Amino acid sequence: MMDGSAGKHPTDDLQVSGVTRTFKVGARQVYALREVSLQCDAGSFTALIGPSGCGKSTLLRSIAGLEQPDAGSVLIGGRTPQEKCRAGALGVAFQDSALLPWRSVRQNIALPLQVLRRKTPDANDKIDRLIDLVGLKGFENARPAQLSGGMRQRVAIARTLVTDPSVLLMDEPFGALDQILRRSMNIELQRIWMENRATTLLVTHGIDEALFLADRVVVMHRDPGRIAHIVDIPFARPRLPALFSAPEFHRLEDEVAAYLYAGATA
Amino acid sequence: MKSITRFVILLALWELLGDFHLVAQGALPSPSAVIMQWWQDRAVYPQHIWATLQPALLGFVIGNLFAAAAAFTFVLVPAFEGLMRGFNIAVFGIPPIALSPVLVITLPGEWPQIVLASVSVYFPTMVMTLLGLRDIDPRPIDVVRTYGGGDFAVLRWLRARACVPGLLGGLRVAAPAAILGAILAEFGSGARWGLGSFLLGSLGRGNPARIWGIGLTATLMAAVAYALCALLGRRFSASLTSVTSASAKLHDPASRTAASRASQALLALAACGVPFLIWWGILEGFGVSPVIAKTPLAVWQYLFSAPDAADSRAAILQALKESLPPAGIGLLIALTVALSLAVMGMLWRALTAMLMPAALILQTMPLVALTPMIVLLFGRGIAATLIITVIVTFFPAFITIAQGLAQVPQASLDLLAVYGANRRQKLALVSLPMSLPYLCAAARLVAPASLLGVMIAEWLATGYGLGNLLNTARGELDYGMIWAVAFVAVAVSVGFYQLVKLLEDAVLRRYSAAAASG
């Protein structure tokens, strides 16, 4: 898939250059990120992995325009995150589904269109297709409280896709799910992503999840938050569940783990 | 079923007590006597009820519109909230009975009732709506922002809907308050109709059954208003059970605006001035005669530079000396009793189950209706004043504290259970410390109510203190004194509130510091 061809969907590349973000803890200044640079090709899938406090969520939030870096710049397809936000080019998913409890599944998926004031006649068909895509047919009018955790997360993913985003940003979207559910969601995410091919950034704690989904795994270390190593993942797509037990998968898992723990001893 | 049996037994007991004049020489009439008197008066009740209900409704609508508009503005422009802080606390602290004569002499027709009802409604609705608007799940905000949504989009798509349960909760508290406000404004208005006028007119007639009838009618009206709003609330918030847990904050978020110390001090100073500006502005705007309507300056002159200023000051100081001790003592008793009962309720669940519904209903009871009954039962002395104050403050305090004890996380209690802790240990180690903020909040919330209770008792019964001074000044058309007493009552009430707030801040600072280091 390395050609990054977009099909009918638009994609954008990601350019993170020298991003620094500091916080004050008492009198001490803490670097959540120090001069982090990262380049993601259009249509690529990148996983960010690292210990708590390594700044991976801060990096993702900076790319989403939710936080302003102290120094450095983020460009999405040559534009600032804020410009891209207003154009509806970004899709975000968090560990929490962040659904509105008073809205049905269908209305929750429609929220981004309303915020963007996008009124398209085929919006309803599209939402139906997305509900189908994430396997929630029959739950269109259910409220979040009536759904299981995994189902809510699927709604959140359908919501991120409703604007045809060119960039998908996901912050531990399956972090609150159990291991079995998580694995089936991984397989589904790959299927969904292969249909859309948006440039994707996934923050995760799970090495297996990162290896299974990504073209590249970016290992981050903390104090200061920085990129320690980037591992290319060579497996062909579509990747099948059997890959989880393949010896070369385990070898790469060990390799990434080694880079990860190298930072933890410091 | 059980509660119905209990109710029937209680009713039968009351009937016996009343029929045989067992309490205070017949001051407690039997239910049958009350109903029979009510039946005799049935021709006049509809008119009295309507005369109270109509302005109460109007005031309810006006006050809530103001409250909701204020809350929305405060969220969009936080600095405005800082500016209006003094006004908000003053409105909260105003004993409605102190405002009543002032309104009666300045406003025509039914407007005193309407205004007092809306003033009574403003604060609960504003605070609850603001809490609902503010205290929302931060994660959907991120979602809206990622699609380029600004503050207004967040307000429109998230906050406006998320505040509905808070708003409805506010309305629930506000509904009985509107009726109480309308009744209080009838005191001294000389109006012929209205439950308040009916009550005042019946006080000297030696007919306990009629007084009880009026009181129970007013209570019933307040309870129905409360129940209607509660029903509405349940209807709308059923679908709103949050998917994610967002914790409610009891502490008021006034100090949130990040600004330099100097500009904060400036804002605080301006906030103190705003109530006076509004006071002045309303009088100027309506062009009320300066003989009747006293501006802040005129009140100052009355108290300090007029020829008999010293006499006026002495009268007010004497009244304060009489009113403050029962208010303070009553507040302390109420808080102690509320805390003990809430704690006992933790140990014996049945007690809370029994007390909570009663407390929820009784806190809606308009205390004007209550006062004559208590005076009939306990005489016109200090005991009656104290009991009224305790009753007025006890129920809201009990509800707040019991809620605090109920929200202690189960995990903390489970942790202690693992080490074999008994109920008492759980209470001492976890429940009590964790509900401390609620105890503080309860004290702050009911502090102004205690002064209101004392003043109503004084006005209607005891003939002491601020309430009595206000009543006599009204009778003698001493306009300066009416305004001065109203001002002093509000100032004392706000001072009371601020004092408790300072204590609360100190306690909570230690508490959170201890929690952080421990």
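None of these values were measured; they are calculated from a predicted model. Chain letters run A, B, ... following the sequence lines, proteins first and then strands; every chain starts at 1.
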So for atom [atom1], which belongs to [X], do other residues, nucleotides or ligands contribute more than 12 heavy atoms lying within a distance under 6.0 Å?
| X | atom1 | answer |
| --- | --- | --- |
| B:Phe66 | CZ | no |
| A:Ile180 | CD1 | no |
| A:Arg118 | CZ | yes |

Report the distance from atom [atom1] of [X] to atom [atom2] of [Y], rounding to the nearest 0.5 Å.
| X | Y | atom1 | atom2 | result |
| --- | --- | --- | --- | --- |
| B:Arg139 | A:Gln95 | CZ | CD | 9.0 Å |
| A:Leu169 | B:Thr146 | CG | OG1 | 8.5 Å |
| B:Asp142 | A:Asp171 | CG | CG | 9.5 Å |
| B:Ile136 | A:Leu100 | CD1 | CG | 9.0 Å |

Open item on the list: Counting C-beta onward and ignoring hydrogens, is there a side-chain heavy-atom pair between A:Phe94 and B:Val143 closer than 4.5 Å?
Closed with: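 A side-chain contact under 4.5 Å exists here.
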Task: Where B:Trp157 and A:Val115 come nearest, the two heavy atoms and their spacing - done: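 In this case the closest contact between B:Trp157 and A:Val115 is CD1-CG2, 3.7 Å.
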Task: Where A:Leu90 and B:Tyr147 come nearest, the two heavy atoms and their spacing - done: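 Closest pair (atom of A:Leu90, atom of B:Tyr147, distance): O-CE2, 3.2 Å.
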Open item on the list: Just so I understand: if I count every heavy-atom pair under 4.5 Å between each of A:Leu116, A:Thr160, A:Leu111 and chain B, which residue has the most?
Closed with: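 Heavy-atom pair counts peak at A:Leu116.
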Open item on the list: If we define contacts as heavy-atom pairs under 4.5 Å, which of A:Arg86, A:Lys84, A:Gln114 has the most with chain B?
Closed with: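 Option with the top pair count is A:Gln114.
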Open item on the list: Quick check: under 4.5 Å, non-hydrogen atoms only, which of residues 58-68 of chain A neighbour chain B?
Closed with: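 Listed by number: A:Arg61, A:Ala64, A:Leu66.
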Task: Engaged part of B:Ile141 at the chain A interface, taking heavy atoms whose separation is under 4.5 Å - done: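 For B:Ile141, no heavy atom lies under 4.5 Å from chain A.
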Task: Atom group of A:Glu83 that falls short of 4.5 Å from chain B, counting heavy atoms - done: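 Neither part, no heavy atoms under 4.5 Å.
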